[in-house]
There are 4 protein chains.
Amino acid sequence: MKSSILQERKSREKQARIQTILAAALKVFSSQGYHGTSMDAVAEAAELGKATLYYYFKSKDELLLAILENGVHEFFARLEERWKGLTDPIEKLETIPYVGADFFYRHPDYFKLYHYLTAHPVLRKRAFNRLHPLIAEKVQRVQQLFTQAIGEKRIEPLPVEELTEIFGSLVMGMGLFTHPPVTRKSLHRKAQLILHIFLNGIRKQSE
Amino acid sequence: MKSSILQERKSREKQARIQTILAAALKVFSSQGYHGTSMDAVAEAAELGKATLYYYFKSKDELLLAILENGVHEFFARLEERWKGLTDPIEKLETIPYVGADFFYRHPDYFKLYHYLTAHPVLRKRAFNRLHPLIAEKVQRVQQLFTQAIGEKRIEPLPVEELTEIFGSLVMGMGLFTHPPVTRKSLHRKAQLILHIFLNGIRKQSE
Amino acid sequence: MKSSILQERKSREKQARIQTILAAALKVFSSQGYHGTSMDAVAEAAELGKATLYYYFKSKDELLLAILENGVHEFFARLEERWKGLTDPIEKLETIPYVGADFFYRHPDYFKLYHYLTAHPVLRKRAFNRLHPLIAEKVQRVQQLFTQAIGEKRIEPLPVEELTEIFGSLVMGMGLFTHPPVTRKSLHRKAQLILHIFLNGIRKQSE
Amino acid sequence: MKSSILQERKSREKQARIQTILAAALKVFSSQGYHGTSMDAVAEAAELGKATLYYYFKSKDELLLAILENGVHEFFARLEERWKGLTDPIEKLETIPYVGADFFYRHPDYFKLYHYLTAHPVLRKRAFNRLHPLIAEKVQRVQQLFTQAIGEKRIEPLPVEELTEIFGSLVMGMGLFTHPPVTRKSLHRKAQLILHIFLNGIRKQSE
DNA sequence: AATGAATGAGGATTCATTCAT
DNA sequence: GATGAATGAATCCTCATTCAT
């Protein structure tokens with residue numbers, strides 16, 4: 001039917017518009033911080049009227065959260081892609097810093113914004129509430145990878161929850177100290193180094 | 001002379017007042033974030049008139065920076081204290097997470113604030129400019145510890161700059177994921193775990 | 001087309017709003033002085049929200065400057081109107097105090113504000129920078145009138161730049177000492193007196 | 001008696017202190033305007049504690065008024081000095097622009113400040129109330145000079161009140177447009193020009 | 001669907017003035 | 001006499017959000 005085609009196109013355009021806004025908002029949020037960014041600035045960056053933003057997003061907060069969701073989705077999608085075909089838990093763990101590095105390379109803004117929110121006393125909770133469903137499942141799967149590796153006696157029997165946190169700090173830490181020029185290669189080297197230290201550090205010494 | 005005694009008391013009182021303000025500001029900044037905190041809120045927390053804050057600190061910014069400086073000073077002072085009498089580079093490195101843990105235990109607010117700033121796209125630079133002189137020297141000394149340990153063939157010959165960064169991420173990461181109740185003991189356990197992994201991970205395997 | 005009509009009405013309404021604000025601001029500025037007037041007061045006088053002022057004018061300063069520009073425009077427009085059809089330089093000069101008197105009668109506030117700014121050590125420069133393009137051309141034309149009259153041996157060969165200044169002081173001075181009731185008649189009498197003295201004072205005595 | 005000598009010295013010192021403050025205040029007021037000048041700025045310029053200003057002057061307003069009084073006193077003192085020995089009314093009038101020029105040369109700040117106040121819608125009244133007793137008498141005497149000259153048929157029978165105002169505008173106008181370098185000579189030339197025009201303009205043409 | 005216009009609430013900062021010493 | 005310290009009150013300006021069109 002015609003109307004359905006039309007509807008579809010409309011819907012596609014709407015999605016595109018939303019993506020435009022998200023991209024613009026990400027750019028300004030990440031360069032000025034959440035509070036340092038006015039909706040005016042977002043509107044200007046998106047080349048849209050300010051009121052239009054409110055047509056698509058209920059509030060500034062909502063916009064921020066949508067950005068985050070967007071990013072987390074992408075990150076996990078890429079991770080899943082890499083995990084396809086892999087069964088070894090340690091191999092799976094190894095992919096994480098590389099996916100992180102690639103993601104940082106592609107969206108340094110996003111990475112920094114995420115980091116910023118993680119450290120923000122107020123926004124952190126709001127973001128957490130929203131993203132928790134998305135993240136919790138992945139975190140649990142990573143924990144299971146550690147559990148599995150421990151079960152296979154390939155790494156030391158350390159508390160998996162804390163292992164996950166420490167691993168997380170390391171991955172997030174990649175984006176913290178950056179000395180330009182940041183190349184994909186330099187990021188991969190960093191990922192490699194992190195993995196080397198971390199895995200070596202937890203590896204079960206064969207007696 | 002009397003006047004000198006008087007002067008001294010005045011000076012002490014002034015210092016005390018400044019510390020009162022810094023403490024109050026730290027509390028609110030760390031719980032509401034920098035932008036989420038109004039000077040009104042700081043004034044109320046300090047139980048002083050708002051204008052009084054401006055008598056002691058030129059701006060909100062300046063106040064923030066003073067807090068940071070204060071904390072960094074304390075942190076490094078404690079570190080130096082622990083380093084007294086130590087000569088072994090690895091032993092020195094080992095103290096760092098513990099001093100971090102203690103510091104976090106004592107001033108979780110400060111720790112979080114520091115982390116928050118590190119991740120803030122705008123404040124980060126401002127803070128960095130101000131704190132750089134203080135921090136740079138310490139960072140260099142830590143790098144030298146790695147260099148020395150490498151020279152002594154006790155750890156692998158990895159790039160010290162990146163080692164320092166990774167070590168830093170780990171220490172800072174301690175304060176990132178916290179599940180109450182946070183006890184000194186639980187923090188020390190975390191420090192221990194970090195050290196275990198990190199040192200193990202970089203230790204030169206004796207062939 | 002409808003849209004163009006709509007657009008036009010919008011534009012007209014916007015202009016009207018701007019004029020409303022300018023009029024309100026002029027009233028309060030001229031009665032309380034620039035610094036003595038808060039934007040709140042302007043907003044109240046304009047019966048608009050304070051933020052609305054900022055929607056139309058970037059700052060208090062900008063508002064002031066816009067008022068000035070407005071007034072200077074009007075003043076010069078009236079002057080040009082009077083000059084239409086006149087060719088005699090002295091006749092042209094003669095119109096100036098009368099236009100000034102009328103203008104003062106119509107907008108005593110504006111006149112005073114202008115005078116106030118002229119005398120303000122700081123605002124003066126800002127205002128000057130903004131208004132210079134408007135004013136410079138007219139001042140030059142007045143100077144040329146003097147030059148021409150001198151050339152025609154109708155007035156003494158005095159330095160035209162200073163003549164212009166002195167003439168200016170006299171015109172501005174009209175608004176300085178005012179004893180109510182100020183009628184158009186009384187102002188015209190004053191203009192007449194000024195002209196009498198000034199022109200008589202510079203008239204070439206026929207030998 | 002000792003005490004009286006001591007007292008006198010004290011009094012002299014106090015006067016000196018007051019003059020210091022007045023001079024400092026004049027400088028900043030005239031360069032930043034009344035509202036643009038904080039008491040802090042005055043204190044700094046006077047190299048005194050802010051509270052000290054309040055020891056000598058009840059308020060910022062009072063300080064301003066004292067400056068004005070000071071200046072008016074000096075101006076009139078100089079005028080009186082020049083008038084000594086003169087009896088001709090026109091000769092007396094002729095001294096005024098020269099005294100004005102000298103005064104402007106010596107204290108351009110003061111001159112501008114006075115002008116600024118004259119034009120200020122609010123301060124004007126306050127200043128007027130305070131200075132009126134000082135000024136009124138002089139103004140009256142100037143008016144009498146005109147009256148006398150008219151009586152002697154040396155100038156036209158124009159309304160003396162307005163003549164005085166116009167003459168005043170001219171004298172004040174001297175300080176309005178100034179093109180550096182301002183030399184005593186250039187000011188005197190201007191005074192001469194003003195007098196030439198004004199006196200010529202009102203001179204009774206002998207038939 | 002898109003937006004220009006409007007604004008209430010709030011925030012950083014300044015400042016004249018006071019007061020205890 | 002002199003002043004460091006303290007502050008209430010104001011002031012300029014910003015901003016997220018709404019609404020009529």
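A note on names: the letters A, B, ... follow the listed sequences, proteins ahead of strands, and every chain is numbered from 1.
- Distance CD (C:Glu62) to P (F:dT14): 13 Å, rounded to an integer number of Å.
- Taking atom CD of residue B:Glu47 and atom P of nucleotide F:dA6, one finds them 14 Å apart after rounding to whole Å.
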At under 4.0 Å between heavy atoms, how does the protein contact nucleotides 14-20 of chain E? Give one character per nucleotide, 5' to 3', with B, S or -. BBBBBB-
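- Residue A:Gln32 contributes atom CD, which lies 15 Å from atom P of F:dT14 at whole-angstrom precision.
- For the contact set between residues 16-27 of chain A and DNA chain F, defined by any heavy atom under 4.0 Å, there are no members.
- Note that CD1 of A:Ile67 is 12.5 Å distant from NE2 of A:His107, once rounded to the nearest 0.5 Å.
- In terms of the salt bridge (Lys or Arg N to Asp or Glu O under 4.0 Å) criterion, A:Glu44 has no residue partners (sequence neighbours excluded).
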Map every base of DNA chain E to its dot-bracket character, where paired means a Watson-Crick or G-U wobble contact with both distances under 3.5 Å and | marks a partner outside the strand. .||||||||||||||||||||
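- Every residue was checked against the side-chain hydrogen bond (donor to acceptor under 3.5 Å, both in side chains) condition with D:His35, not counting sequence neighbours, and none meets it.
- Taking side-chain N and O atoms only, C:Lys14 has a distance below 4.0 Å to OP1 or OP2 of E:dA5.
- Remark: C:Glu47 engages no residue in a salt bridge (Lys or Arg N to Asp or Glu O under 4.0 Å) (not counting sequence neighbours).
- Atom CD in A:Glu44 sits about 15 Å away from atom C1' in E:dG4, given to the nearest Å.
- Pairs engaging residues 9-33 of chain A under the ring pair (Phe, Tyr, Trp, His ring centres under 6.0 Å) rule: A:Phe29-A:Tyr34 [sequence neighbours left out].
- Within the structure, every pair that satisfies the side chain to side chain donor-acceptor pair (under 3.5 Å) test and touches residues 114-126 of chain D, not counting sequence neighbours, is listed here: D:Asp61-D:Arg126.
- What separates CZ of B:Phe29 from C1' of E:dG11 is a distance of 13 Å, to the nearest Å.
- When the C1' atom of F:dA6 is taken as reference, atom OH of B:Tyr56 falls 8 Å away, rounded to whole Å.
- Picking from E:dT3, E:dT7, F:dA6 the nucleotide with the shortest atom distance to the side chain of C:Tyr55 gives E:dT7.
- Counting only residues at least two apart or on different chains, no ring pair (Phe, Tyr, Trp, His ring centres under 6.0 Å) pair has a member in residues 45-70 of chain B.
- Looking at D:Arg9 and D:Glu13, a side-chain N of the basic residue comes within less than 4.0 Å of a carboxylate O on the acidic one, giving a salt bridge.
- The stretch residues 22-33 of chain C participates, sequence neighbours left out, in these side chain to side chain donor-acceptor pair (under 3.5 Å) pairs: C:Ser30-C:Asp109.
- Residues meeting the ring-ring contact (aromatic ring centres under 6.0 Å, His included) test with B:His132, sequence neighbours left out: B:Phe128.
- Scanning for salt bridge (Lys or Arg N to Asp or Glu O under 4.0 Å) contacts around D:Arg12 gives an empty result, with sequence neighbours left out.
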